[in-house]
Amino acid sequence: MDIAKVIVDVPAKDTDRTFDYLIPDSMRTWIEPGSRVAVPFGKRTVQGFVTSMQPEAEPSRFKLRPLQELLDLVPPLSPDLVELGEWMSERYACSRILALQAMIPTALKGKAERYISLADRPVADEAPADAGALLEDDGMSDPVERGIVTYIRSKQQVALQALSRQFPQEAAVIKALLRRGVLQESQTIRDKLQKKMLKAVNLAVPVEEAEAALDDFPKKAQRQKEVLAFLLERKEFLPLPLKEVLASLHVSAAAVKALENKGHLRIEDVEVFRDPYRGRYFKPTQPLKLTGEQQYVFERVIRQLETREQGAFLLHGVTGSGKTEIYLQTISHCIEQGRQAIVLVPEISLTPQMVERFKGRFGDQVAVMHSRLSGGERYDEWRKIREGRVKVAIGARSAVFAPFAKLGLIIMDEEHESSYKQEETPKYHARDVAIRRSHQHGAVVILGSATPALESYHAARSQSNDEFAPLLLEMHTRALGNTLPEVRIVDMRDELREGNRSMFSRALHDGIAGRLERGEQTVLLLNRRGYSTFVMCRSCGYVAGCPECDISLTYHQRSNNLRCHYCGYAAPAPEVCPDCGSEHIRYFGTGTQRVEEELAKLFPGIRVIRMDVDTTTEKGSHEKLLTRFREKKADVLLGTQMVAKGLDFPDVTLVGVITADSSLNLPDFRAAEKTFQLLTQVAGRAGRHQLPGEVFIQSYTPDHYSIIHASRHDYASFIRDELNHRRSLHYPPYCRLIMVTFSHEQLPVLVRLAENFKASLEGKARKLGWFGAMDRFTPDVLDILGPVASPVPRIKNRYRFQCMIKWRGQIDAVGLVRNVVDEMADAVQRQHLQISLDVDPQMLM
DNA sequence: AGCACGCCGACT
DNA sequence: GTCGGCGTGCTC
């Protein structure tokens with residue numbers, strides 16, 4: 001018999017490999033790489049994925065067991081996705097099963113359910129004559145036992161859970177019956193399918209009969225009569241949701257229940273239909289005429305598509321240059337080729353307007369994968385893709401795994417967004433996965449952005465032979481021909497010097513006042529991310545930074561000192577500014593709430609919409625707030641980065657950035673890049689319509705290159721400066737990073753083990769000739785920073801330490817690190833150490 | 001991860 | 001004496 005190699009759903013170190021199973025003849029034609037199966041695993045039944053099959057079971061050391069069940073007729077994973085999973089598990093140092101699970105909806109994460117049924121045949125040796133007799137005629141001495149057996153017989157088989165509910169006190173009896181072989185247990189995998197069920201009311205008898213019953217209804221049962229009449233009135237809409245009936249008539253469930261008991265009606269479970277966009281009309285759109293620049297880009301991409309060979313492009317186009325129209329037209333072309341396309345957008349940009357643009361062009365050939373969909377809705381959208389009923393999948397990060405058979409095009413919009421990196425295991429980057437998939441399918445990738453990530457831009461420009469290097473395409477002008485808005489930098493040090501201690505400069509204050517008078521709108525951006533505080537001098541703009549790592553030091557209140565999160569450097573918190581001696585040195589980090597309060601104080605009666613994590617957690621609230629603002633029900637929209645996204649309102653003529661510095665001084669080597677991207681994005685959004693726009697950027701460090709270049713919409717200069725900076729300090733793209741985080745309940749043990757790790761890794765790297773500082777004059781280098789306390793030093797009673805590994809060249813750094821981690825398996829097991837790896841981390845705070 | 005086996009302390 | 005704590009090892 002053939003054997004199947006199966007990855008089982010048991011996320012542990014020593015089960016992270018395939019297990020062999022015999023393929024029963026009944027399943028032979030159905031089993032493929034990617035099939036989801038139920039397999040016996042020790043005492044239990046678990047879910048697994050077939051990775052490959054082998055023709056004949058060579059004499060094995062193991063007694064192979066057969067596959068128990070095939071869980072889907074169409075495999076949820078295609079062979080290429082199985083292979084992709086293998087690649088992911090290596091590249092991101094995660095288990096195979098987690099890589100595979102990241103690719104499919106959680107609805108398909110089945111769990112074992114235990115069933116109880118009567119034993120197939122009496123067990124001869126343990127309970128000879130007795131058992132047979134029991135089965136024949138319930139001739140049991142114990143009435144409780146008889147009750148249980150009778151119940152199970154009536155149902156054929158009962159889930160253990162349901163049985164325990166039915167007989168809550170009799171667990172011991174059930175156990176005994178199992179032991180005696182009267183009952184037997186089996187397990188199957190049950191999908192975690194959240195089929196949306198709803199209690200609904202329906203007539204249990206023909207309409208005429210119900211109408212007749214209505215006529216001679218007992219007088220005292222008026223409520224029941226009302227219910228019945230209500231149902232008959234709406235007979236063509238039956239079954240009606242129970243909730244609705246109760247609410248419209250203000251009756252209690254008792255009345256309905258009574259009618260059910262009398263046999264007039266029935267309360268049933270109906271499945272609720274799940275199409276998040278059902279009943280919505282999307283206005284069809286036609287392809288727009290492309291500008292010269294657009295045409296050039298379009299043709300270059302089409303040429304690549306025509307070859308049906310892999311190709312990747314980095315489309316760098318200024319805001320408003322018309323990237324989306326290029327996406328739409330290349331997708332059309334891809335569909336005409338008989339292939340399918342994936343569109344990736346950052347979670348936060350996946351707004352109804354965004355969806356509308358694609359549904360407007362491609363109608364119901366589009367599936368949308370949105371994190372706000374319920375598990376069931378996601379599952380249904382995903383099935384449309386797998387069954388080939390749609391040609392385009394649009395969604396956030398995980399849509400990169402859309403199971404298309406003939407993938408021709410993957411578009412990643414706003415490719416610089418850090419949300420493309422998953423922060424949980426498997427910690428993959430959708431950009432890398434996209435490019436890897438494109439190689440498997442001979443597909444084309446378009447990475448689009450007005451402010452490409454440094455890594456992408458550098459890879460494109462250096463034209464390396466790296467399989468991940470894209471080809472650069474640029475668009476410098478706006479499609480509609482309007483110019484980018486004027487941006488003014490306001491030096492907040494001057495404000496302080498001249499006696500203005502408020503968070504609003506005089507210019508911004510006057511700007512807001514003017515907008516209020518004219519009935520125009522203002523957007524205020526507070527670009528604060530994370531919660532760490534840094535120390536800055538309000539007189540001169542000095543920021544305490546690490547002498548070794550050139551990132552801001554973080555203030556720690558408990559010890560009243562400043563620390564570096566990369567290398568562990570610590571210094572006492574200064575009382576006066578070390579640079580200018582001013583006493584106006586303090587911790588920074590203003591919240592949106594404080595800005596809102598100050599606005600109310602300065603402009604009595606001002607209508608402010610505040611948008612931050614506090615006001616947008618509720619489903620759809622983000623959208624609601626923006627709509628309210630669009631309808632001019634507020635004068636000011638105030639928020640964190642999220643306001644920068646939906647920013648396309650005709651009456652917004654002023655955009656103010658409260659302090660550009662707050663994201664600039666985060667302890668993250670990407671701080672300047674993130675700041676530049678955010679400011680550019682904000683600046684590019686204002687004045688898109690008739691009214692001219694103004695942008696004010698307030699800053700205590702107005703000379704910083706990221707602020708100056710952003711104000712001039714000058715990506716090229718920013719890139720030049722930032723690359724120089726990264727090169728001199730040995731940060732990506734001039735090296736790569738691996739973050740290793742250790743956690744343990746006891747701090748001393750944790751520190752010792754983290755040091756052990758470092759020593760071991762260093763030793764191995766030395767032997768290979770890799771170990772050394774990054775400024776060493778060799779191509780292959782690996783350096784280890786730390787271990788130091790993590791930015792969040794304790795989570796759930798576990799202390800956390802981390803090591804950052806910097807490396808470059810043609811070395812298998814991930815493999816080596818993994819190797820060292822594997823060798824610490826003993827400590828992990830015995831001392832409950834936890835180790836987590838993040839390859840190419842994005843968030844370093 | 002679970003589930004069983006097995007070896008030691010606190011109870012009827 | 002036994003019940004049950006959780007350390008250790010295994011799952012095709």
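Residue numbering restarts at 1 for every chain, and letters A, B, ... go by the order of the sequence lines. Just so it is clear, the structure is predicted and the values come from calculations on it, not from any experiment.
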Taking only the side-chain heavy atoms of [X] (C-beta and beyond), determine which of [options] contains the nearest atom.
X	options	answer
A/Arg830	C/dT8, C/dC12, B/dC3	C/dT8
A/Leu64	C/dT11, C/dC12, B/dG2	C/dC12
A/Asp14	B/dG2, C/dC10, C/dC12	C/dC10
A/Lys43	C/dC10, B/dA4, C/dC12	B/dA4

What's the [atom1]-[atom2] distance between [X] and [N], to the nearest Å?
X	N	atom1	atom2	answer
A/Lys13	C/dG9	NZ	C1'	17 Å
A/His832	B/dA1	NE2	C1'	14 Å
A/Leu22	C/dC12	CG	C1'	9 Å
A/Arg65	C/dT11	CZ	C1'	9 Å
A/Arg17	C/dC12	CZ	C1'	7 Å
A/Arg96	C/dC12	CZ	P	18 Å
A/Leu178	B/dC3	CG	P	14 Å
A/Asp2	C/dC12	CG	P	19 Å

- request: Scan A/Arg44 against the nucleic acid and name what it touches under 4.0 Å (heavy atoms): base, sugar-phosphate only, or nothing.
  value: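 A/Arg44: base contact, heavy atoms under 4.0 Å.
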task: Compute both the distance and the angle, then confirm whether A/Arg383 meets the cation-pi test with A/Tyr379: under 6.0 Å from the six-membered ring centre, within 45 degrees of the axis.
output: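 Satisfied, under 6.0 Å and within 45°.
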Stacking check A/Phe41 vs C/dT11 (5.5 Å / 30 deg):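 Yes, the aromatic ring of A/Phe41 stacks with the base.
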Steps toward side-chain contact (heavy atoms from CB on, under 4.5 Å) verdict (A/Glu377, A/Asp380): CA-CA 5 Å; A/Glu377 285 170 332; A/Asp380 289 358; 5.8 Å; no
task: Would you please indicate if the ring centroids of A/Tyr799 and A/Phe742 are separated by under 6.0 Å?
output: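 Ring centres of A/Phe742 and A/Tyr799 not closer than 6.0 Å.
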message: Under 4.0 Å between a side-chain nitrogen and a carboxylate oxygen: does that hold for A/Arg397 and A/Glu347?
response: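 A salt bridge is absent here (no side-chain N lies under 4.0 Å from a carboxylate O).
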query: Any side-chain heavy-atom pair from A/Phe801 and A/Val751 closer than 4.5 angstrom?
result: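 Yes, close enough: below the 4.5 Å cut-off.
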